[in-house]
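Single-structure report; data block below.
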Amino acid sequence: MLINVPETVVADALRGMAAAHPELTVDVENRVIVRRDAPVADKVALVSGGGSGHEPLHGGFVGPGMLSAACPGEVFTSPVPDQMVRAAAAVDSGKGVLFVVKNYTGDVLNFDMAAELAEDEGIQVAKVLVDDDVAVTDSLYTAGRRGTGATLFVEKIAGAAADAGAPLERVEAIARRVNENSRSLGVALSACTTPAKGSPTFELPSGELELGVGIHGEPGRERRAMMTSREIADFAVDAVLEDLRPRNPVLLLVNGMGATPLLELYGFHAEVQRVLAERNVVVAGVLVGNYVTSLDMAGASVTLCQIDEELLRLWDAPVRTPGLRWGM
Amino acid sequence: MLINVPETVVADALRGMAAAHPELTVDVENRVIVRRDAPVADKVALVSGGGSGHEPLHGGFVGPGMLSAACPGEVFTSPVPDQMVRAAAAVDSGKGVLFVVKNYTGDVLNFDMAAELAEDEGIQVAKVLVDDDVAVTDSLYTAGRRGTGATLFVEKIAGAAADAGAPLERVEAIARRVNENSRSLGVALSACTTPAKGSPTFELPSGELELGVGIHGEPGRERRAMMTSREIADFAVDAVLEDLRPRNPVLLLVNGMGATPLLELYGFHAEVQRVLAERNVVVAGVLVGNYVTSLDMAGASVTLCQIDEELLRLWDAPVRTPGLRWGM
Amino acid sequence: MHDVLDVLDGDFFRRWLTTAASAVDREADRLTELDSAIGDADHGANLRRGFAAVTEALDGSDATAPGALLALAGRQLISKVGGASGPLYGTLLRTTGKTLGDAGEVSREELAQALRAGVDAVAKLGGAAPGDKTMLDALIPAVDALPASFEAARDAADKGAEATIPLQARKGRASYLGERSIGHQDPGATSSALLFTALAEAAGGAV
Amino acid sequence: MHDVLDVLDGDFFRRWLTTAASAVDREADRLTELDSAIGDADHGANLRRGFAAVTEALDGSDATAPGALLALAGRQLISKVGGASGPLYGTLLRTTGKTLGDAGEVSREELAQALRAGVDAVAKLGGAAPGDKTMLDALIPAVDALPASFEAARDAADKGAEATIPLQARKGRASYLGERSIGHQDPGATSSALLFTALAEAAGGAV
Ligand SMILES: Nc1ncnc2c1ncn2[C@@H]1O[C@H](COP(=O)(O)OP(=O)(O)O)[C@@H](O)[C@H]1O
Ligand SMILES: Nc1ncnc2c1ncn2[C@@H]1O[C@H](COP(=O)(O)OP(=O)(O)O)[C@@H](O)[C@H]1O
Ligand SMILES: [Mg+2]
Ligand SMILES: [Mg+2]
Ligand SMILES: [Mg+2]
Ligand SMILES: [Mg+2]
């Protein structure tokens, strides 16, 4: 690993991010990444965060049209309430703050505590839980579906709504609508290695793949012998469609897990488009790249979001962040 | 690997790229990626290309302010003259075409042949060779320094000059100036695996690293036991500075080889900035990310380019490509 | 063998927490190993970071009341750990501490009662039930046994942690594994057992 | 043993090229293996792709003149291979073909002369000298020996290829290895030897 010691990985990365992105205010000590122009007068603010190791999520999505602030935790570990409260205080213009929370026990508990503390400080807080991963089927007997690729859709679209001046309840409702209409499935071709552990977090013999993997290398539905890009696309798209049963059109995210070359990811995207066409699904917008990663895991995930005119307009609205940029 | 069969990897990727980027015209059969609005009247055109497996280079750098077209070869294999001639014909407005060629025997020979053929067809062609890799020291007894990270600087800055309406000789001279003032050094923490071979292209025991690696996994200056991010930054920056001996200010590219998590790359960038500050080098512009990759190789490279006011202005000029975008 | 101590003062609680911190530090790799089997391989690092902060906070504080010391430790865990275990262990200690109030000394029975309130708060916050393969499966039997003796609590926690092996997880990350979570000891239950081992050690009992 | 053939017609050249194509296909993994030791692990795939295109082009062409057939093959290699070997082998065959002109039959001596022109063009294009550890180290001795016999050319090419093992590369990717290139056989010299083995085979010589 290209690190100094595991203990300083997140702080080192934040220093490096600060030096690369003068348009962000990076508080390395307190681990909060904020838009330099925050708080933006009369606008609802969006705060997200989660364990590190998924970059560019979330810090790379801070900027006009998307997040107001992000709180990076230790690698694969939810951030702590102090960070979230600090972030909320830094970005609140008085119009309130939406917490975008991926559905993991740690994230949920810490953001819940933070919401209480922030409200004690007079900040109006709403929360939206992202839980799009169809690999977790039996959500009654689990911590529920995990938050993965749809987080990008929620942050982008709700960010655009906030940017357009929508009030907190409206931004929250839109975020919720995006999440409810999004589903993902991820596939790992190799495990990832966390700095703290220094060896792969799970055993995945080469020549096998894990279908339905989570973004921390959590196991999925099943392990199989290696499949072709075509077969993986069939499996992933069908798993998502079966759960979502979307009306047309949809947004599509073909996301790399970190170590899959862009060359392979584009090829996989071609296969995903093929299945979608075969299933008569109309794609209104698409993103291919490494956006919600799992350190050095090889693999990819597919996220679909059923949209309407309003959501598509918000998706297309300008955004300017280190990780996602268009229209400005 | 997330592929179908090795033989279709490049074609599959091009289909996926076409579906992701409607702003590009992707000729999958003939392997040429062209700006949709080409030829742009009265502007010099830039054509580059090389083996695939380095994405987003070059195809991801096609667009306003950068390349007019790119020719992707097979993985790690130079494209063929037919592609380059076709690309040149598609983008030439009558003002001529600059070929940006990384210094590898294959690329040089194929672009040379293409230049002859294109000139036979009445297209005015100039060439610039990118050879920035300081790992190759003894260039009298080798094929010469390899073209690596500086390619991005050359394509961006010469692209901006072309965009501003400079004539071919001027665009060529600027490209040459950028190359002459750029140096790089790369470090591999793991080898990469090509689809055709299916196993790592070279042996790199875990716990060792290759200093001065090339972007196809070509070996470097020496192999050592694993070093910290800090030590690697010291080594890479000093190797580059020793060869370049730049006047202030410089542009800095901290480039990921493909499988190094952005989290680690940002941390490495912090160390690179530290050494540069210690050496009194002033950084006027910086880019951190996966831009000139080597499939799934873990590692990073450092490129410095000594600039002046003109080059900095061209660097800062707007660019809109899948892989690099600002100002528009 | 019966407990050495029955009146527990601030020194005792400091001893407990620093003993727990050493145990967590020593066993961090094992906790992470367990968490890598059915979680995300960070439980050891999480608690090590948290308890290091607890030790530092204790050193910097002149609090002597048991309740204040536990609440301080709980706040540190909440502020420094993150993940699932940070808020849960933080809530455990904070609620226990608050329940003890500002008495300068407490009895083992009072501690047991306060810990029960702490464990209830953990159950409420995390929504887990006994048998869900979480820290509760060590905490609940330990608290049940504490009125008997520190050693009994320690042994019950150990047994509870071991008894998570055949269980299928229904909460936390391990739940995503479904049946594949069976056959592995829960990392959180294991760290809970460490806390009760440290408690018995602080009380001078056999370890 | 002397050569079976001394008058070489279009059929002979078609046989040479398709035999070469099969040999390249059969030995592609070995060529890639050699290229992975001191290059970028694609030489086998490169030539397999190129010679498959050559075979297809020959099938689709009714050319019969040796020169035309070689030039056609050379153009295919240039258009389909890429890398260093594409232009180099393409130039070899194209120049050889052009030198042969449009005669319907050529002698072995004429072929040897034309190949020498082809090899010179390769040397000029790539700028390599004998001993630089490239395909030239097999091509030059083979062409030198061809006036004697096809078998002599084949053996000289084999020997030339093997003799690249102790050399330090000064051209192509392998040159980046410096001294570390010593001890490995050059992939391009190896594929050149395959071409001359195919030539001897096409001539009906012992293989
Ligand atoms: N809902 C819950 N209720 C009680 N304990 C839980 C719950 N979820 C997880 N845990 C405990 O937390 C432990 C994992 O802690 P840790 O690894 O530090 O956090 P994370 O799962 O966020 O990485 C599990 O082993 C389990 O004992
Ligand atoms: N300048 C040169 N002159 C002659 N032959 C060369 C030269 N450079 C490389 N070669 C030959 O090309 C071979 C490599 O071909 P190949 O692997 O197909 O291309 P690349 O090196 O572009 O991947 C080398 O083994 C060597 O024999
Ligand atoms: Mg965790
Ligand atoms: Mg090659
Ligand atoms: Mg964990
Ligand atoms: Mg090669």
Side-chain angles (χ1 to χ4, degrees), chain A residues 1-5 8-21 52-56 60 75 187 189 192 195 226 228-230 232 254 258-274 283 286-290 293-296 298-300 322 325-326 328, chain B residues 1-5 8-21 52-56 60 75 187 189 192 195 226 228-230 232 254 258-274 283 286-290 293-296 298-300 322 325-326 328:
Chain A
M1 274 167 291
L2 187 51
I3 64 169
N4 286 316
V5 291
T8 65
V9 163
V10 175
D12 289 350
L14 289 177
R15 286 190 297 126
M17 205 175 173
H21 299 292
S52 292
H54 308 300
E55 291 64 31
V75 172
V187 175
L189 277 69
C192 53
M226 191 54 68
T228 63
S229 168
R230 181 186 184 88
I232 296 172
V254 174
T260 286
L262 210 47
L263 184 75
E264 296 179 20
L265 199 63
Y266 273 126
F268 178 62
H269 172 234
E271 294 297 344
V272 168
Q273 290 275 359
R274 173 195 52 76
V283 179
V286 60
L287 213 53
V288 180
N290 291 294
T293 61
S294 304
L295 292 172
D296 62 342
R325 173 166 185 162
W326 57 72
M328 63 176 159
Chain B
M1 274 168 292
L2 187 52
I3 64 168
N4 287 315
V5 291
T8 64
V9 163
V10 175
D12 289 349
L14 289 177
R15 287 189 296 127
M17 205 174 173
H21 299 292
S52 292
H54 307 301
E55 291 65 30
V75 172
V187 176
L189 278 68
C192 53
M226 192 54 67
T228 63
S229 166
R230 183 187 182 87
I232 296 171
V254 174
T260 286
L262 210 46
L263 185 75
E264 295 178 20
L265 200 63
Y266 274 126
F268 179 61
H269 172 232
E271 295 296 344
V272 168
Q273 290 276 359
R274 173 196 51 77
V283 178
V286 60
L287 212 52
V288 180
N290 291 293
T293 61
S294 304
L295 293 173
D296 62 341
R325 173 165 187 162
W326 57 72
M328 63 176 158

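Here is how names work: the chains are called A, B, and so on, in the same order as the sequence lines, proteins then strands, and each is numbered from 1. All values reported here derive from a predicted model rather than from experimental measurement.
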Inset, instruction - Against chain A, work out which of B/V9, B/V288, B/L295 has the most heavy-atom pairs shorter than 4.5 Å and name it. - result: B/L295
Legend entry - Heavy-atom proximity to chain A below 4.5 Å, by part of B/T260: side chain
Inset, instruction - List the atom of A/A259, the atom of B/D296, and the distance in Å for their closest heavy-atom pair. - result: O-CB, 3.5 Å
Inset, instruction - Check side chain to side chain donor-acceptor pair (under 3.5 Å) between B/E264 and all other residues, then give those that pass, not counting sequence neighbours. - result: none
Legend entry - Pairs of heavy atoms under 4.5 Å with chain A: top-ranked of B/H269, B/R230, B/H21: B/H269
Inset, instruction - Counting only heavy atoms closer than 4.5 Å, note whether B/P195 contacts chain A via side chain, backbone, both or neither. - result: neither
Inset, instruction - Measure the OG-CD1 distance between B/S229 and A/I3 for me, rounded to the nearest 0.5 Å. - result: 8.5 Å
Inset, instruction - Work out which heavy atom in B/A13 is nearest to a heavy atom in A/Y266; give both atom names and the distance. - result: O-CB, 3.4 Å
Legend entry - Interface moiety of B/I232 toward chain A, non-hydrogen atoms closer than 4.5 Å: side chain
Inset, instruction - Name the region of B/L189, side chain, backbone, both or neither, that has any atom closer than 4.5 Å to a heavy atom of chain A. - result: side chain
Inset, instruction - Heavy-atom distances under 4.5 Å only: say whether B/M17 touches chain A with side chain, backbone, both or neither. - result: both
Legend entry - Interchain contact, B/V254 with chain A, by part (heavy-atom threshold 4.5 Å): neither
Inset, instruction - Find out whether B/L262 and A/P56 are in side-chain contact, i.e. whether some heavy atom of one side chain is under 4.5 Å from a heavy atom of the other. - result: yes
Inset, instruction - Could you please spell out the steps behind the side-chain contact (heavy atoms from CB on, under 4.5 Å) verdict for B/M1 and A/M226? - result: CA-CA 9 Å; B/M1 274 168 292; A/M226 191 54 68; over 6 Å; no
Legend entry - Portion of B/A298 that has a non-hydrogen atom of chain A nearer than 4.5 angstrom: neither
Legend entry - Under 4.5 Å from a heavy atom of chain B, the part of A/V272 involved: neither
Legend entry - Exam field: side chain A/D12 to backbone B/A270, donor-acceptor pair closer than 3.5 Å: no
Inset, instruction - Work out which heavy atom in A/V286 is nearest to a heavy atom in B/A19; give both atom names and the distance. - result: CG1-O, 3.7 Å
Inset, instruction - Identify which part of B/H54 has an atom lying under 4.5 Å from any heavy atom of chain A, answering side chain, backbone, both or neither. - result: neither
Inset, instruction - Would you mind telling me which of B/V10, B/T228, B/N290 has the largest number of heavy-atom pairs within less than 4.5 Å of chain A? - result: B/T228
Legend entry - Rounded distance (nearest 0.5 Å) linking atom CG of B/L263 with atom CD of A/E55: 4.5 Å
